[in-house]
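Both backbone and side-chain heavy atoms feed into the values below; hydrogens, waters and symmetry mates do not. All of these numbers come straight from a predicted model, not from anything done at the bench. Just so you know, ligand 1 is whichever comes first in the structure, and atom 1 is the first atom listed for that ligand.
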Amino acid sequence: MKRLTILGSTGSIGCQALEVIKAHPDLFSVTALVGGYNVNKMAAQCQEFMPKYVAMADEIAACALRKLLDEKKIKTEVISSKHAACELAKLSEVDQVIAAIVGIAGLLPTLAAIEAGKRVLLANKESLITCGRIFMDAVKKNGAQLLPIDSEHNAIFQCFPQQVQQRLGDVSLVEQGVSSIILTGSGGPLRDIPVAEFGDVTPEQACAHPNWSMGRKISVDSATMMIKDWNILKHVGYLTLLPSRSKWCCIPSLLFTPWCVITTVVYWRNWALLICGYLLLMRWLILIGLSQVLTLSIFARWER
Ligand SMILES: NC(=O)C1=CN([C@@H]2O[C@H](COP(=O)(O)OP(=O)(O)OC[C@H]3O[C@@H](n4cnc5c(N)ncnc54)[C@H](OP(=O)(O)O)[C@@H]3O)[C@@H](O)[C@H]2O)C=CC1
Ligand SMILES: CC(=O)[C@@H](O)[C@H](O)COP(=O)(O)O
């Protein structure tokens with residue numbers, strides 16, 4: 001039984017992670033949840049998953065949550081200090097941490113989990129974009145594991161042999177025979193809107209991705225294609241690849257695939273190429289990460 005802390009449990013990735021856990025109660029259990037300000041959603045999650053601890057982003061949200069939990073006689077301990085999320089990320093009784101707080105707020109709790117030597121399933125792109133080298137050094141120093149669970153990085157990860165997967169951040173992909181890596185981009189909801197009309201686009205339009213159901217920040221990053229720049233920056237930190245040392249390609253004009261099925265192509269020096277993608281289910285990636293299998297050898301029960 002793997003015991004988990006979920007950072008950002010009230011968000012899109014967090015809720016999907018809880019769906020995975022709910023479908024596999026014999027394999028995974030929730031020890032701690034961390035949310036921001038969505039008190040009602042957190043109360044519902046506490047009622048369903050009975051975590052031992054919860055952290056909220058501020059004391060107002062924590063007080064409101066304590067009140068709701070008291071009414072329902074739920075015993076979860078609710079905290080909200082400055083370091084509350086970090087404390088729950090490094091609990092000794094926790095095996096794995098899902099890092100799915102959006103933005104820079106996710107940095108310190110994720111780093112705390114790494115410093116505690118946890119296996120970290122990383123959705124928070126921002127940590128590697130801003131602090132890739134620091135994070136990868138901390139992974140090595142503390143014997144932690146970092147597994148990407150956003151679609152692009154997980155797809156690349158799946159294309160590598162196990163000896164590379166186990167040494168990411170500490171191995172030269174060029175020396176391992178990788179020639180280049182291509183990301184695809186769908187263009188999201190604005191794909192067919194001329195740039196000249198972007199000024200009239202509403203937040204709701206920008207967040208209405210035709211294929212993925214994601215939080216608002218990542219949806220806007222996808223709609224503006226900024227997400228692809230983020231992803232390249234993130235690769236540089238995560239894979240220890242400097243753009244000058246390897247050919248980095250992100251060619252939306254060539255690989256503008258509206259379906260979001262193939263996310264990555266890895267070219268090898270021997271002319272082999274490995275293509276990976278997912279059928280629009282973040283739950284698959286989460287399950288692969290949680291179950292510690294590197295290939296799709298586990299059958300997802302909710303699909304039966
Ligand atoms: N959604 C997806 O399919 C994908 C997401 N990602 C990445 O995963 C991360 C999460 O994305 P997503 O789930 O879409 O985002 P959401 O906006 O849906 O959720 C964000 C989560 O972060 C929490 N949060 C926000 N601010 C704070 C804070 N100050 N302290 C503690 N918690 C906070 C929110 O809490 P609350 O709502 O309670 O305020 C919520 O639980 C992002 O970095 C994104 O780039 C990567 C690949 C795919
Ligand atoms: C689900 C996920 O991880 C996103 O990063 C997604 O891949 C965005 O892709 P598009 O911007 O190409 O739609």
Side-chain angles (χ1 to χ4, degrees), residues 5-18 33-45 54-58 60-62 64-65 79-86 88-89 98-110 121-130 148-156 183-191 206-232 234 250 252 255-264 276-286 289:
T5 290
I6 304 181
L7 306 171
S9 69
T10 46
S12 153
I13 291 285
C15 290
Q16 293 180 74
L18 286 170
L33 297 177
V34 175
Y37 307 93
N38 192 336
V39 172
N40 288 333
K41 195 176 267 185
M42 185 59 93
Q45 292 182 346
V54 160
M56 299 300 285
D58 66 17
I60 298 173
L65 180 62
I79 56 176
S80 77
S81 71
K82 193 171 165 211
H83 302 293
C86 295
L88 300 192
I98 298 180
I101 293 176
V102 66
I104 298 301
L107 242 62
L108 289 180
T110 308
L121 275 61
L122 185 74
N124 175 280
K125 293 178 193 282
E126 295 82 0
S127 359
L128 289 182
I129 293 163
T130 55
I149 53 163
D150 65 283
S151 63
E152 295 90 345
H153 298 86
N154 192 280
I156 293 177
L183 300 173
T184 63
S186 78
L190 309 188
R191 175 187 159 82
C207 290
H209 197 294
N211 302 326
W212 297 104
S213 167
M214 308 185 284
R216 287 172 79 80
K217 175 174 187 304
I218 186 174
S219 296
V220 170
D221 286 347
S222 165
T224 56
M225 297 290 288
M226 194 60 207
I227 196 169
K228 301 300 159 184
D229 289 342
W230 294 144
N231 281 327
I232 290 175
K234 189 174 161 194
C250 175
L255 287 169
F256 224 98
T257 63
W259 310 284
C260 301
V261 173
I262 291 171
T263 52
T264 288
C276 189
Y278 293 98
L279 295 175
L280 301 174
L281 280 178
M282 290 307 292
R283 287 173 300 161
W284 269 117
L285 276 71
I286 295 166

**Student:** If we ignore hydrogens and angles and just use 3.5 Å, is the side chain of Thr5 paired with the main-chain N or O of Leu88 as donor and acceptor?
**Tutor:** yes

**Student:** Between Cys15 and Gln45, does the side chain to side chain contact (heavy atoms under 4.5 Å, CB included) criterion hold? Intermediate values first, please.
**Tutor:** CA-CA 9 Å; Cys15 290; Gln45 292 182 346; 3.7 Å; yes

**Student:** Look at atom 44 (C) of ligand 1 and say which protein heavy atom is nearest, naming residue and atom and giving the distance to 0.1 Å.
**Tutor:** Ile218 CD1, 3.9 Å

**Student:** Which protein non-hydrogen atom lies closest to atom 1 (N) of ligand 1, naming both residue and atom, and how far is it?
**Tutor:** Ser12 OG, 3.1 Å

**Student:** In the protein, what heavy atom is nearest to atom 19 (O) of ligand 1, and what distance, to one decimal place, separates them?
**Tutor:** Gly11 CA, 3.2 Å

**Student:** Taking 4.0 Å as the limit for heavy-atom contacts, which would you say applies to Met282 with ligand 2: side chain only, backbone only, both, or neither?
**Tutor:** side chain

**Student:** Could you list which atoms of ligand 2 come closer than 4.0 Å to a heavy atom of Lys125?
**Tutor:** 5 (O)

**Student:** From atom 15 (O) of ligand 1, work out which of Ser222, Gly215, Pro148 has a heavy atom at the shortest distance.
**Tutor:** Gly215

**Student:** Could you please spell out the steps behind the side chain to side chain contact (heavy atoms under 4.5 Å, CB included) verdict for Trp212 and Ser12?
**Tutor:** CA-CA 10 Å; Trp212 297 104; Ser12 153; over 6 Å; no

**Student:** With rounding to the nearest 0.5 angstrom, report the CE to CG distance, Met56 to Leu33.
**Tutor:** 10.0 Å

**Student:** Nearest protein heavy atom to atom 11 (O) of ligand 1, by residue and atom, and its distance?
**Tutor:** Ile13 CG1, 4.3 Å

**Student:** Above 12 or not: heavy atoms from other molecules or residues under 6.0 Å from CD1 of Ile60?
**Tutor:** no

**Student:** I would like to know whether Lys125 and Ile218 meet side chain to side chain contact (heavy atoms under 4.5 Å, CB included); could you show each step before the answer?
**Tutor:** CA-CA 9 Å; Lys125 293 178 193 282; Ile218 186 174; 3.6 Å; yes

**Student:** Please say whether Arg216 places an N or O atom under 3.5 Å from an N or O atom belonging to ligand 1.
**Tutor:** no

**Student:** Once rounded to the nearest 0.5 Å, what's the spacing between atom CG of Leu285 and atom CD1 of Ile149?
**Tutor:** 7.0 Å

**Student:** Counting non-hydrogen protein atoms only, what is the nearest one to atom 24 (N) of ligand 1? Give residue, atom name and distance.
**Tutor:** Ile101 CG2, 3.8 Å

**Student:** Ala100 near ligand 1, heavy-atom distance under 4.0 Å?
**Tutor:** yes

**Student:** Report yes or no: does a heavy atom of His209 sit under 4.0 Å from some atom of ligand 2?
**Tutor:** yes

**Student:** What are the two closest non-hydrogen atoms of Ala62 and Ser80, and how far apart are they?
**Tutor:** CB-CB, 3.6 Å

**Student:** Would Lys217 count as a contact residue for ligand 1, given that I'm defining contact as a non-hydrogen atom of the residue lying under 4.0 Å from a ligand atom?
**Tutor:** no

**Student:** Which of the atoms of ligand 2 are close to Ser222, meaning less than 4.0 Å from one of its heavy atoms?
**Tutor:** 10 (P), 11 (O), 13 (O)

**Student:** Roughly how far apart are Ile13 CD1 and Leu122 CG, rounded to 0.5 Å?
**Tutor:** 10.5 Å

**Student:** Would you compute the distance between atom CG of Asn124 and atom CD1 of Ile98 and round it to the nearest 0.5 angstrom?
**Tutor:** 13.0 Å

**Student:** Short list, please: which atoms of ligand 1 are under 4.0 Å from a heavy atom of Gly36?
**Tutor:** 31 (C), 32 (N), 33 (C), 35 (O), 36 (P), 38 (O), 39 (O)

**Student:** Could an N or O of ligand 1 be found under 3.5 Å from any N or O of Gly14, whether backbone or side chain?
**Tutor:** no

**Student:** Give the contacting part of Met56 toward ligand 1: side chain, backbone, both or neither, where contact means a heavy-atom distance below 4.0 Å.
**Tutor:** neither

**Student:** Using every non-hydrogen atom in the two residues, find where Val220 and Cys207 come nearest and quote the distance to one decimal.
**Tutor:** CG2-SG, 3.9 Å

**Student:** At their closest point, which heavy atom of Ala85 faces which heavy atom of Ala55, and how far apart are they?
**Tutor:** N-CB, 4.1 Å

**Student:** Do ligand 1 and Ala57 have nitrogen or oxygen atoms that lie under 3.5 Å from each other?
**Tutor:** no

**Student:** Is there side-chain contact between Val102 and Glu126, with heavy atoms separated by less than 4.5 Å?
**Tutor:** yes

**Student:** Pick one of side chain, backbone, both or neither for how His153 approaches ligand 2, counting any non-hydrogen atom pair under 4.0 Å.
**Tutor:** neither

**Student:** State the atoms of ligand 1, each with its element, that fall below the 4.0 Å cut-off from a heavy-atom position in Thr10.
**Tutor:** 34 (C), 35 (O), 36 (P), 37 (O), 38 (O), 40 (C), 41 (O)

**Student:** Just verifying a value: how many Å separate Ile79 CD1 and Leu65 CG, rounded to the nearest 0.5 Å?
**Tutor:** 11.5 Å

**Student:** Which of the atoms of ligand 1 are close to Asp150, meaning less than 4.0 Å from one of its heavy atoms?
**Tutor:** 46 (C), 47 (C)

**Student:** Start with the C-alpha distance between Ser186 and Arg191, add both sets of side-chain angles, then the distance that settles side chain to side chain contact (heavy atoms under 4.5 Å, CB included), and finish with yes or no.
**Tutor:** CA-CA 7 Å; Ser186 78; Arg191 175 187 159 82; 6.0 Å; no

**Student:** Of the protein's non-hydrogen atoms, which lies at the shortest distance from atom 7 (C) of ligand 1, and what is that distance?
**Tutor:** Ala123 O, 3.1 Å

**Student:** Closer than 4.0 angstrom: is that true for some heavy atom of Gly185 and an atom of ligand 2?
**Tutor:** yes

**Student:** With a 4.0 Å cut-off on heavy atoms, does Tyr37 reach ligand 1?
**Tutor:** yes

**Student:** Can you tell which of Gly187, Ser186, Ala123 gets a heavy atom nearest to atom 13 (O) of ligand 2?
**Tutor:** Ser186

**Student:** Among all protein heavy atoms in this structure, tell me which lies nearest to atom 25 (C) of ligand 1, with the distance rounded to 0.1 Å.
**Tutor:** Val102 CG1, 4.0 Å

**Student:** What do you reckon, does Asp150 have a nitrogen or oxygen under 3.5 Å from a nitrogen or oxygen of ligand 2?
**Tutor:** no

**Student:** Backbone, side chain, both or neither: what part of Met214 comes under 4.0 angstrom of ligand 1, heavy atoms only?
**Tutor:** both

**Student:** For atom 31 (C) of ligand 1, which protein heavy atom lies nearest, and how many Å away is it?
**Tutor:** Gly35 O, 3.4 Å

**Student:** Answer side chain, backbone, both or neither: which part of Ala105 comes under 4.0 Å from ligand 1, heavy atoms only.
**Tutor:** side chain

**Student:** Given side chains that start at C-beta, do those of Asn38 and Asn40 come closer than 4.5 Å, heavy atoms only?
**Tutor:** yes

**Student:** Within this structure, what is the CG-OG1 distance for the pair Leu121 and Thr110, rounded to the nearest 0.5 Å?
**Tutor:** 11.5 Å

